[in-house]
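Here the structure is laid out as structure tokens; the discussion comes afterwards.
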Amino acid sequence: MRLTRSQLAVPAADAARVLLGARVVSTIGGERVVVRLTEVEAYAGPLDPASHAYRRTVRSEIMYGPAGHLYVYFVYGMHWCANIVTGPDGTASAVLLRGGEVIRGLAPARERRPTARRDADLARGPAGLAAVLGVRGTDSGTDLFDPDTMLELRAGTRPPVSVAHGPRVGVSAAADKPWRFVEVGNPTVSAYRRGTRATRSRPS
DNA sequence: CGTCCGATACACT
DNA sequence: GTGTATCGGACGC
């Protein structure tokens, strides 16, 4: 069963709970990869200093539009990360897809991420998940409810056994917000890493 | 298991 | 010019 746009048109933390356990179906050139989401993070737009939409720029413009579109960004000179725009139109909130288990299409997933040691590592972490789904910068802005889209969102067949939430990974601003949601005990959930500290020591 | 650190290029100031 | 919503290899326990 497909998710609906209205299911995502809710505050980011609620949308994150909707997406946890949901499936993302990637179809590219006849190759199909299906991932069940096990780790997601909510970003609350202009109200959230950790969000790219904290300031309205060309890059963050997509998040100001309706829910159900893809927002893709490039980090650390080499990785793509995939988000789904959520919330009512104009709130600019989004959910970062941080991890999942590949439940179909192991072979193409491996080709797209050959460095993964175990199957559980294939879509572990946001950059790996985006790679396995074949998401790149040119896909940013894609409407996931367009019938011809490369990605399709489907409801989960297995709800998460147990859900925990805590601080987001790698963010330095609003580090206290418990907006990272994970399926407890799932091996595809990435390790928690604190963001770089605001106060840094300087060489003397 | 954990911590440390370099790679690399883009968005934004 | 500065900082980054990361990854994976090196190392220590």
Side-chain donor-acceptor distances from residues 66-77 of chain A under 3.5 Å, at least two apart:
{"residue": "A:H69", "atom": "ND1", "partner": "A:G141", "partner atom": "O", "Å": "3.1"}
{"residue": "A:Y71", "atom": "OH", "partner": "A:H52", "partner atom": "ND1", "Å": "2.7"}

Between side-chain atoms of residues 17-29 of chain A and protein atoms elsewhere (two or more places apart, or another chain), which donor-acceptor pairs fall under 3.5 Å?
{"residue": "A:R23", "atom": "NE", "partner": "A:A155", "partner atom": "O", "Å": "3.0"}
{"residue": "A:R23", "atom": "NH2", "partner": "A:A155", "partner atom": "O", "Å": "2.9"}
{"residue": "A:S26", "atom": "OG", "partner": "A:L133", "partner atom": "O", "Å": "2.8"}
{"residue": "A:T27", "atom": "OG1", "partner": "A:R32", "partner atom": "NE", "Å": "3.4"}
{"residue": "A:T27", "atom": "OG1", "partner": "A:R32", "partner atom": "NH2", "Å": "3.4"}

To the nearest 0.5 Å, atom CG of A:L37 lies from atom CG of A:L129 at 6.5 Å
Output a table of donor-acceptor pairs, distance under 3.5 Å, between side-chain atoms of residues 144-151 of chain A and any protein atom two or more places apart or on a different chain; print 'none' if there are none.
{"residue": "A:D146", "atom": "OD1", "partner": "A:D148", "partner atom": "N", "Å": "2.8"}
{"residue": "A:T149", "atom": "OG1", "partner": "A:L151", "partner atom": "N", "Å": "3.4"}
{"residue": "A:T149", "atom": "OG1", "partner": "A:L151", "partner atom": "O", "Å": "3.4"}

To the nearest angstrom, how far is A:Y192 atom OH from C:dC7 atom C1'? 18 Å
Rounding to a whole Å, what distance do you find between A:R194:CZ and C:dA5:P?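 The distance from CZ of A:R194 to P of C:dA5 comes to 15 Å, rounded to the nearest Å.
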Contacting residues from [range], given that a heavy atom lies under 4.0 angstrom of DNA chain B:
| range | value |
| --- | --- |
| residues 66-84 of chain A | A:F74, A:Y76, A:G77, A:M78 |
| residues 47-60 of chain A | A:R55, A:T57, A:R59 |
| residues 100-132 of chain A | none |

Any side-chain hydrogen bond (donor to acceptor under 3.5 Å, both in side chains) involving residues 33-45 of chain A? Give me the pairs, sequence neighbours left out, ordered by first then second residue.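 Qualifying pairs, neighbours excluded: A:R36-A:E101, A:R36-A:E183, A:T38-A:T188, A:E39-A:R98, A:E39-A:R180, A:E39-A:S190, A:E41-A:Y43.
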Can you list every pair that meets side-chain hydrogen bond (donor to acceptor under 3.5 Å, both in side chains) and has a residue in residues 103-117 of chain A, with sequence neighbours left out?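 Those involving residues 103-117 of chain A are A:R110-A:D119.
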Check every strand shown and say whether A:R193 touches a base, only sugar-phosphate, or nothing at a heavy-atom separation below 4.0 Å. base
For A:R2, I'd like to know if atom CZ has over 12 heavy atoms of other residues, nucleotides or ligands within 6.0 Å. yes
Could you pull out all residues at least two apart from A:R136 that satisfy salt bridge (Lys or Arg N to Asp or Glu O under 4.0 Å)?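 A:R136: no salt bridge (Lys or Arg N to Asp or Glu O under 4.0 Å) contacts found.
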Taking only residues two or more places apart in sequence or in another chain, which ones pass salt bridge (Lys or Arg N to Asp or Glu O under 4.0 Å) with A:R118?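 Salt bridge (Lys or Arg N to Asp or Glu O under 4.0 Å) check on A:R118 returns A:D121.
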Measure across A:A94 and A:A12 and return the closest heavy-atom pair with its distance rounded to 0.1 Å. O-CB, 3.9 Å
Per the salt bridge (charged side-chain N to carboxylate O under 4.0 Å, His left out) rule, what does the pair list look like for residues 58-84 of chain A, sequence neighbours excluded? A:R56-A:E61
Could you tell me whether the side chain of A:S60 and the main chain of A:Y54 form a donor-acceptor pair under 3.5 Å?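 No, A:S60 side chain to A:Y54 backbone: no donor-acceptor pair under 3.5 Å.
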What stems show up for DNA chain C when you take Watson-Crick pairs (N1-N3 plus N6-O4 or O6-N4) and G-U wobbles (N1-O2, O6-N3), both under 3.5 Å, and require three or more consecutive pairs? B:1-7 with C:6-12, B:9-12 with C:1-4
Flag the pair A:D89 and A:R5 as a salt bridge only when some basic side-chain nitrogen lies within less than 4.0 angstrom of an acidic carboxylate oxygen. no
